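Structure, as structure tokens:
Just so it is clear, the model here is predicted, and its values are computed rather than measured.
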Amino acid sequence: MNVFRFAGDMTHLFSVLVLLLKIYATKSCSGISLKTQELYALVFLTRYLDLLTDFISLYNTVMKLVFISSSLAIVWCMRAHPVVRRTYDKDQDTFRHYTLVAGSLVLALLFHDRFTIREVCWAFSIYLEAVAILPQLVLLQRSRNVDNLTGQYVFFLGAYRAFYILNWIYRYFTEQHFSRWIPWIAGLVQTGLYADFFYYYYLSWKNNVKLQLPA
Amino acid sequence: LSAVTKHDEL
């Protein structure tokens, strides 16, 4: 475990905590895309299939449980919680996220390390995670003013994969035959998708104005 | 690389 990997995991965990705080504290999920949350739940469920079979470390197992349970809890909250569900911008969150699932599945069937259930699911989860933020970014562009917690949530979510890329670079130079081209490419695409968000997030921070993404 | 060490990341 290197410092970049740990920083990435902590940033990812923090983004989940910020989202939970926003929903719990404001009892509202306005500005949050349910579709992105559903995609993340699918990402974790298909990536952590080895949760019950391979024990790598307590940290690894605990973090997997945290990510799976928090993503499912958020989806449940947005769908079924009597108060929160009414604040969901249903008519704004219209991204056809099934196309993202289908596309990732096709990619995983074409490009994987080994043609086994686990490896295809793992590749699927990597590809899906790269594009899972799209419904959320589209929703941000549509919702006029983005509240701070939502902006911070997306910011930390984007930053975590950037730390992972540094982690892969570090591992590439410190470990033999460490070649992970699937997460490499998907991670670059994923972080790239946040590029314009990071730019407008930086502007809103520098000019001390409300975050607003151009339509 | 064994499967486990390959999937040691989150």
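Ion pairing of B/Glu9 with A/Arg171 is present here, as a side-chain N (NZ or NE/NH1/NH2) and a carboxylate O approach within less than 4.0 Å.
Within the 4.5 angstrom heavy-atom criterion, only side-chain atoms of A/Asp9, from C-beta onward, approach chain B.
Enclosure of atom CD1 in A/Ile117 is not indicated, since only 12 or fewer non-hydrogen atoms of other residues, nucleotides or ligands lie within 6.0 angstrom. For A/Trp76, the CH2 atom sits in a packed shell: over 12 heavy atoms of surrounding residues, nucleotides or ligands are nearer than 6.0 Å. Open room surrounds CZ on A/Phe14; 12 or fewer heavy atoms of other groups in view lie less than 6.0 Å from it. The number of heavy atoms from other shown groups lying within 6.0 Å of OH (A/Tyr202) does not exceed 12. For CZ of A/Arg79, the number of neighbouring non-hydrogen atoms (other residues, nucleotides, ligands) closer than 6.0 Å is 12 at most.
Nearest heavy atoms, A/Asn60 versus B/Asp8: ND2-O, 3.2 Å.
Applying a 4.5 Å heavy-atom cutoff, the residues of residues 150-170 of chain A that approach chain B are A/Arg161, A/Tyr164, A/Asn167, A/Trp168.
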Expected list for residues 20-29 of chain A: side-chain donor-acceptor pairs under 3.5 angstrom, two or more places apart:
from: A/Lys22; atom 1: NZ; to: A/Ser30; atom 2: O; distance (Å): 3.3
from: A/Lys22; atom 1: NZ; to: A/Asp147; atom 2: OD2; distance (Å): 2.8
from: A/Thr26; atom 1: OG1; to: A/Lys22; atom 2: O; distance (Å): 2.4
from: A/Thr26; atom 1: OG1; to: A/Ser28; atom 2: N; distance (Å): 3.2
from: A/Thr26; atom 1: OG1; to: A/Ser28; atom 2: O; distance (Å): 3.3
from: A/Lys27; atom 1: NZ; to: A/Tyr24; atom 2: O; distance (Å): 3.1
from: A/Ser28; atom 1: OG; to: A/Ser30; atom 2: N; distance (Å): 3.0
from: A/Ser28; atom 1: OG; to: A/Ser30; atom 2: OG; distance (Å): 3.3

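Residue B/His7 holds its NE2 atom at 9.0 Å from CG of A/Asp54, rounded to the nearest 0.5 Å.
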Steps toward side-chain contact (heavy atoms from CB on, under 4.5 Å) verdict (B/Leu10, A/His12): CA-CA 10 Å; B/Leu10 293 175; A/His12 192 190; 6.0 Å; no
